[in-house]
Protein chains: 2
Amino acid sequence: METSPPRRRDPVQARSRARVDAILDAADAVFLELGFAEATTNHVAARAQTSIGSLYRFFPDKDALLVALAERYGDRMRALASQLTPMDPEGATLRGLISDGIDGFSAFLLANPGFVTLIHEARHPALVAGRRHQEGQMAALIGGLSGKLAPHLSPEEVQILGEVAQAVLSALQTLAHLQADAASREATLNEAKLMMTLYLSRRLGVPEDVPLARLGGEHSGQNSGQRGA
Amino acid sequence: METSPPRRRDPVQARSRARVDAILDAADAVFLELGFAEATTNHVAARAQTSIGSLYRFFPDKDALLVALAERYGDRMRALASQLTPMDPEGATLRGLISDGIDGFSAFLLANPGFVTLIHEARHPALVAGRRHQEGQMAALIGGLSGKLAPHLSPEEVQILGEVAQAVLSALQTLAHLQADAASREATLNEAKLMMTLYLSRRLGVPEDVPLARLGGEHSGQNSGQRGA
DNA sequence: TCTTAACGTGAGCTTTTACTCACGTTTATT
DNA sequence: AATAAACGTGAGTAAAAGCTCACGTTAAGA
């Protein structure tokens with residue numbers, strides 16, 4: 001019999017929903033500035049222009065802020081993924097797909113600087129499960145595309161390829177966004193594009209610059225498309 | 001006039017030097033288990049079978065443990081680097097150099113599991129400077145070799161190439177050592193070798209499987225040695 | 001309008017943990 | 001042997017920060 005009023009509740013009125021959003025925005029900013037460990041819940045509440053009591057009305061503890069932030073970014077990531085799904089996949093080349101994907105994700109990071117911080121905080125126990133899920137989704141996305149382009153790959157090969165691509169992309173995006181100036185950032189992203197193109201072209205057995213539609217018919221295209229430039 | 005006895009001092013007797021080592025070993029193990037934030041100095045002292053007072057006699061604060069650990073790993077890394085310097089660089093191929101380097105570093109990580117933890121803790125303010133130095137050294141090492149093999153590259157290109165290679169190697173070694181079984185780990189390392197070989201071969205304009213001695217004489221060897229295997 | 005429930009507040013309680021210090025013990029020096 | 005210096009100890013301190021709670025305010029339902 002839990003007749004006692006619940007200590008924590010979800011917001012039901014409009015003002016409290018807005019407050020929860022403000023608290024998450026504040027947490028995002030404060031974690032970005034100080035990191036999760038150094039940030040205090042009182043600081044987050046102050047930044048959100050609310051009281052510490054209100055924060056704890058909607059979030060059971062400090063970790064819950066991190067988890068809620070991760071979920072919010074998860075939503076945004078899913079939206080990004082569907083937005084980046086090419087409208088004309090058959091007409092695109094492997095190089096073009098990779099380039100668009102990297103540029104799109106880079107724009108996302110530029111617009112969501114707190115996301116990089118969250119990734120760095122990913123060792124936190126409360127986030128581990130969610131992050132594995134997230135990475136798994138991304139790896140599965142890459143793996144799914146790869147499996148389509150290269151049906152001759154075994155599921156194990158597809159899995160490892162997805163994980164490797166995910167790790168490299170994440171590392172190089174992070175490196176790129178450590179650069180302060182846009183020129184250095186773009187140079188780093190170009191290296192990422194080159195590396196992923198070379199790797200996937202080799203592993204999938206797909207040439208870099210041939211529209212993928214041309215390859216749809218033949219199974220396991222064994223064309224080792226090596227070229228000078 | 002600082003006639004007052006120093007609060008912290010370096011060990012001068014043998015027993016205290018051994019104690020400092022034990023404290024560092026304990027810190028390494030505890031940070032690996034709990035992470036830096038969750039670990040307590042009392043826990044470290046207990047693991048080292050000493051008292052909290054002794055710990056603070058030799059380390060001014062908790063951060064100093066992290067810094068000292070990083071320095072100790074820095075020494076080990078330098079030893080590894082000189083050990084991995086090939087004895088017959090001219091007879092080796094690009095693919096062979098990369099493979100040996102990745103295998104050597106992997107063995108190092110297997111023998112020093114705390115090092116991976118330390119890398120993850122690298123955002124800590126006390127470590128940032130040291131880590132940049134470390135990464136810079138590795139990037140410079142790669143860049144130095146690259147500049148030798150490809151004198152036509154500009155210093156800026158060499159720099160970015162070193163940073164990119166360092167980031168990718170670090171990410172894939174981390175991914176590999178997340179795998180529990182040796183087979184998965186080796187599969188991931190093989191992908192790392194392939195990716196680095198493809199990338200460096202392209203960027204340096206050096207074929208993958210030709211002994212480097214053959215290329216020493218000609219300046220800026222413009223041989224696009226592309227081959228099927 | 002009256003009642004109830006959701007919402008908002010911030011002083012302060014409680015727990016945690018980095019760190020100290022006064023005192024005892026071992027090693028070096030004369 | 002005597003003195004000093006380095007070393008070792010752990011109960012206790014102090015400050016920080018997560019979190020509570022009793023009370024006041026706003027919105028919803030009858």
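This structure is a prediction, so every number in the text was calculated from the model and none was measured. Residue numbering restarts at 1 for every chain, and letters A, B, ... go by the order of the sequence lines.
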Does [X] make a side-chain N or O approach to OP1 or OP2 of [N] shorter than 4.0 Å?
X: A:S51; N: C:dG8; value: no
X: A:T50; N: C:dG8; value: no
X: B:Y56; N: C:dC19; value: yes

field: Nearest-nucleotide comparison on DNA chain C, the residue closer to the 5′ end among B:P60 and B:Q13
entry: B:P60

- request: Take B:A14 and A:R17, find for each the nucleotide of DNA chain C with the closest heavy atom, and name the residue whose nucleotide sits nearer the 5' end.
  value: A:R17

Length of the line joining [X]:[atom1] and [N]:[atom2], which is rounded to integer Å:
X: A:R57; N: D:dC23; atom1: CZ; atom2: P; value: 16 Å
X: B:L34; N: C:dT16; atom1: CG; atom2: P; value: 15 Å
X: A:K62; N: D:dA16; atom1: NZ; atom2: P; value: 15 Å
X: A:I52; N: D:dC21; atom1: CD1; atom2: P; value: 15 Å
X: B:H43; N: C:dC19; atom1: NE2; atom2: P; value: 17 Å
X: A:N42; N: D:dG18; atom1: CG; atom2: P; value: 7 Å
X: B:F59; N: C:dC19; atom1: CZ; atom2: P; value: 13 Å
X: A:L55; N: D:dC21; atom1: CG; atom2: P; value: 16 Å

Would you mind classifying the nucleic acid contact of [X] as base, sugar-phosphate or nothing, using non-hydrogen atoms under 4.0 angstrom?
X: A:D61; answer: sugar-phosphate
X: B:S54; answer: base
X: B:R19; answer: sugar-phosphate
X: B:A39; answer: sugar-phosphate

message: Counting only side-chain heavy atoms from C-beta out, which of C:dC7, C:dC19, D:dG18 sits nearest to B:R8?
response: C:dC19

Side-chain heavy-atom pair B:T41, B:I52 within 4.5 angstrom cut-off: yes

- request: Answer yes or no: is there a side-chain heavy-atom contact under 4.5 Å between A:I102 and A:L172?
  value: no

- prompt: More 5' along DNA chain D: A:T41 or A:R15, using each one's nearest nucleotide?
  reply: A:T41

query: Stepwise, does the salt bridge (charged side-chain N to carboxylate O under 4.0 Å, His left out) test hold for B:E157 with B:R203?
result: CA-CA 9 Å; B:E157 288 173 316; B:R203 265 289 171 258; over 6 Å; no

Cation-pi, A:Y56 ring and A:K62 (6.0 angstrom, 45 degrees): no

task: Run the ring-centre check on B:F108 versus B:F115 and record whether the distance is less than 6.0 Å.
output: yes

